[in-house]
S.K.: 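One structure, as structure tokens, below. Some questions next.
Lettering of chains follows the sequences in order, A, B, ..., and the numbering in each one begins at 1.
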There are 2 protein chains.
Amino acid sequence: MTTAARPGGRPRGRPRGFDRGAALARAMEVFWALGYEGATMGELTTAMGINSPSLYAAFGSKEELFREAVALYDATEGTAVTRALSEEPTARAAVATVLRETARACTEPGRPTGCMIVVAALNCSQANSPARDFLSGWRREGDEALTRRLEQGVRDGDVPAGTDTAAASAFLGAVLHGMSIRARDGATRAELERTAETTLTAWDVLYGAERP
Amino acid sequence: MTTAARPGGRPRGRPRGFDRGAALARAMEVFWALGYEGATMGELTTAMGINSPSLYAAFGSKEELFREAVALYDATEGTAVTRALSEEPTARAAVATVLRETARACTEPGRPTGCMIVVAALNCSQANSPARDFLSGWRREGDEALTRRLEQGVRDGDVPAGTDTAAASAFLGAVLHGMSIRARDGATRAELERTAETTLTAWDVLYGAERP
DNA sequence: TCATTTCTGTGTCGGTCAGCACAGAAATCT
DNA sequence: AGATTTCTGTGCTGACCGACACAGAAATGA
């Protein structure tokens, strides 16, 4: 983001010869498929259709590009999950949508398997630990958002009072994170959907099915 | 393993100046902590207390060393889980031990967090995909061992007839895999133990608590 | 004793990594 | 038009990667 679009006129010098957003989307897919370390600059520039200096001019560095790619992932692939937490009327409905949507998103045909925020930088050298910690932070924020939604359910009365929301969120988080690994290992969508439904059944008996 | 110990005598040439098993144990810890790609030859040789040519003479290559390290991990850190599947009297007891032992092993003080078989080679470049596929195979074998134990439970009558053992195993596997990621993210032993107990409670209501 | 075998330490190999220097190209501003 | 600004393509750089050549050291066998 070196040049800001000025109101009422194009930027000064030679215009960029590629679509920054489209290139970022390609970079996201490469990082998603290969991980932060596994994606080389050569693979990124090839997929993005640009040369290395253009990438550095537009995005700063490999790590900054990765951070933007993760944000784009959250804003596109992660919308259904994010919206479920804010829009579903009950905690149970939110959990159901999150589980089912995760099963779907982790096994979308023609796309990399597993959630990018889980699988893109789990193990890496110390030199790249910032990228790993960055994704770890996103996972923790997801946990906290889920916990907040469960606490809201307690306040709303659709989750039993006295429920250990942190423990419930940790349990659900473990299932959700595990689904990504299993998707990477080749689990089918049907298997992940069964796991989602199993977890939902467990939810009903652990934290009370909602009574319509 | 270039020289075989001959019966009734030492091997011919200059004896190895280091303990092969001890060096392998150090290598296992490095791979466990940093992952296959994240661990460099320099970090490995430093931890093992040997120079690069000695490593290659004794283990063949980085990848062969990794395979031996994973086997050692399974034979040491994984024994409690493996034994639970063969020795516990009921499927429920086996599942309980596997869950609790995983929570413990993933948060052992002074050791890398998470299960090595889950976290050591999830995302890597195509060049190192053999290592990733190798670990994926170990995970699938773990799944199958768990599924067989549940099927045994059905035959023994301590798991309800008609139980979808594959689905139950996939659900448990997702929890177990997810626990490793959460351990890597800094989850405490107490949190993982709570997740294990939550999962066990779910097991009881999903597949029937055993009646003593 | 001395040839043979095997391991160790130094040094280095080709390959690849992320990142950038530099000059030319393409736009706007005066 | 000419100056200025910004982007693009070629090609390179130092660092690091896994792996190994080579000679010397340390053991055994004859």
Side-chain angles (χ1 to χ4, degrees), chain A residues 1-20 22-23 27 30-31 34-67 69 121 123-131, chain B residues 1-20 22-23 27 30-31 34-67 69 121 123-131:
Chain A
M1 205 93 70
T2 54
T3 59
R6 300 172 307 161
R10 288 176 171 174
R12 276 291 296 271
R14 175 175 176 174
R16 186 177 282 131
F18 62 97
D19 183 329
R20 190 181 188 278
V30 174
F31 279 131
L34 302 176
Y36 176 70
E37 270 190 346
T40 68
M41 292 300 296
E43 288 160 333
L44 287 166
T45 54
T46 298
M48 299 166 83
I50 60 177
N51 290 104
S52 173
S54 296
L55 188 153
Y56 280 90
F59 298 99
S61 69
K62 186 186 181 184
E63 186 179 330
E64 289 180 65
L65 174 62
F66 180 67
R67 295 169 119 90
N123 54 297
C124 60
S125 62
Q126 298 103 317
N128 293 320
S129 57
Chain B
M1 203 98 67
T2 53
T3 58
R6 300 171 307 163
R10 288 178 173 174
R12 274 295 294 276
R14 173 176 177 174
R16 184 176 284 131
F18 63 96
D19 183 330
R20 190 182 188 279
V30 173
F31 279 131
L34 302 177
Y36 176 70
E37 270 190 347
T40 68
M41 293 300 296
E43 288 161 332
L44 288 165
T45 54
T46 298
M48 299 165 83
I50 60 178
N51 291 103
S52 173
S54 296
L55 188 155
Y56 279 89
F59 298 99
S61 69
K62 186 186 181 185
E63 186 179 333
E64 290 180 65
L65 174 63
F66 180 68
R67 296 169 117 92
N123 53 297
C124 60
S125 61
Q126 297 102 319
N128 292 322
S129 57

S.K.: Using only modelled atom types and a 3.5 angstrom limit, is any donor from either the side chain of B:R12 or the base of D:dA27 paired with an acceptor on the other?
M.R.: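 Flag unset: no donor-acceptor pair detected.
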
S.K.: Summarise how protein sits on nucleotides 9-14 of chain C as a single string, 5' to 3': B when a protein heavy atom is under 4.0 Å from the base, S for sugar-phosphate-only contact, - for no contact.
M.R.: BB----

S.K.: How long is the line joining CD of A:Q126 and P of D:dC16, in whole Å?
M.R.: 13 Å

S.K.: In whole angstrom, give the distance that lies between atom CZ of A:R14 and atom P of D:dT6.
M.R.: 14 Å

S.K.: With rounding to the nearest 0.5 Å, note down the distance linking CG in B:L65 to CZ in B:R67.
M.R.: 12.0 Å

S.K.: State which of C:dT4, D:dT6, C:dT8 makes the closest approach to the side chain of B:F18.
M.R.: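 Taking heavy atoms from C-beta onward, the closest nucleotide is C:dT8.
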
S.K.: Kindly compute the distance separating CG (A:L55) from CG (A:N51), expressed to the nearest 0.5 Å.
M.R.: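 Those atoms lie 10.0 Å apart.
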
S.K.: Looking only at heavy atoms, what is the nearest atom pair of B:A23 and B:F18, with distance?
M.R.: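 Between these two residues, the closest heavy atoms are CB-CD1, 3.9 Å.
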
S.K.: Are any of the side-chain heavy atoms of B:K62 and B:F31 separated by less than 4.5 Å?
M.R.: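 When only atoms from C-beta onward are counted, B:F31 and B:K62 do touch, with a gap below 4.5 Å.
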
S.K.: Look at the side chain of A:E37 and the backbone N and O of B:G38, then say whether any donor-acceptor pair between them is shorter than 3.5 Å.
M.R.: no

S.K.: State the OG-CD distance between B:S125 and A:E43, to the nearest 0.5 angstrom.
M.R.: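 These two atoms lie 7.5 Å from each other.
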
S.K.: Can you check the A:L55 CG to C:dC17 C1' distance for me, whole Å?
M.R.: 14 Å

S.K.: So, is B:Y56 close to the D:dC20 phosphate, meaning a side-chain N or O under 4.0 Å from OP1 or OP2?
M.R.: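 Negative; the distance criterion is not met.
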
S.K.: In whole angstrom, what separates A:F59's CZ from D:dC7's C1'?
M.R.: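 Going from A:F59 (CZ) to D:dC7 (C1'), I get 14 Å.
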
S.K.: Picking from D:dT8, C:dC7, D:dA27, which would you name as closest to the side chain of B:R16?
M.R.: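 Among D:dT8, C:dC7, D:dA27, the one nearest the side chain of B:R16 is C:dC7.
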
S.K.: Taking the six-membered ring for Trp, are A:F66 and A:Y36 parallel (under 30°), tilted (30 to 60°) or perpendicular (over 60°)?
M.R.: tilted

S.K.: For DNA chain D, determine which residues of residues 36-47 of chain A have any heavy atom closer than 4.0 angstrom to one of its atoms, and list them numerically.
M.R.: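 The stretch gives none, as no residue of it lies under 4.0 Å from the strand.
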
S.K.: Distance check needed: C:dG15 P versus B:N128 CG, whole Å only.
M.R.: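 Taking atom P of C:dG15 as the reference, CG of B:N128 is at 18 Å.
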
S.K.: Output the distance between atom CZ (A:F59) and atom CD1 (A:I50), rounded to the nearest 0.5 Å.
M.R.: 6.0 Å

S.K.: In whole angstrom, give the distance that lies between atom CZ of A:R20 and atom C1' of D:dT8.
M.R.: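 In whole Å, D:dT8 C1' lies 16 Å from A:R20 CZ.
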
S.K.: Between B:N123 and A:L34, which heavy-atom pair has the shortest distance, and what is it?
M.R.: CB-O, 4.3 Å

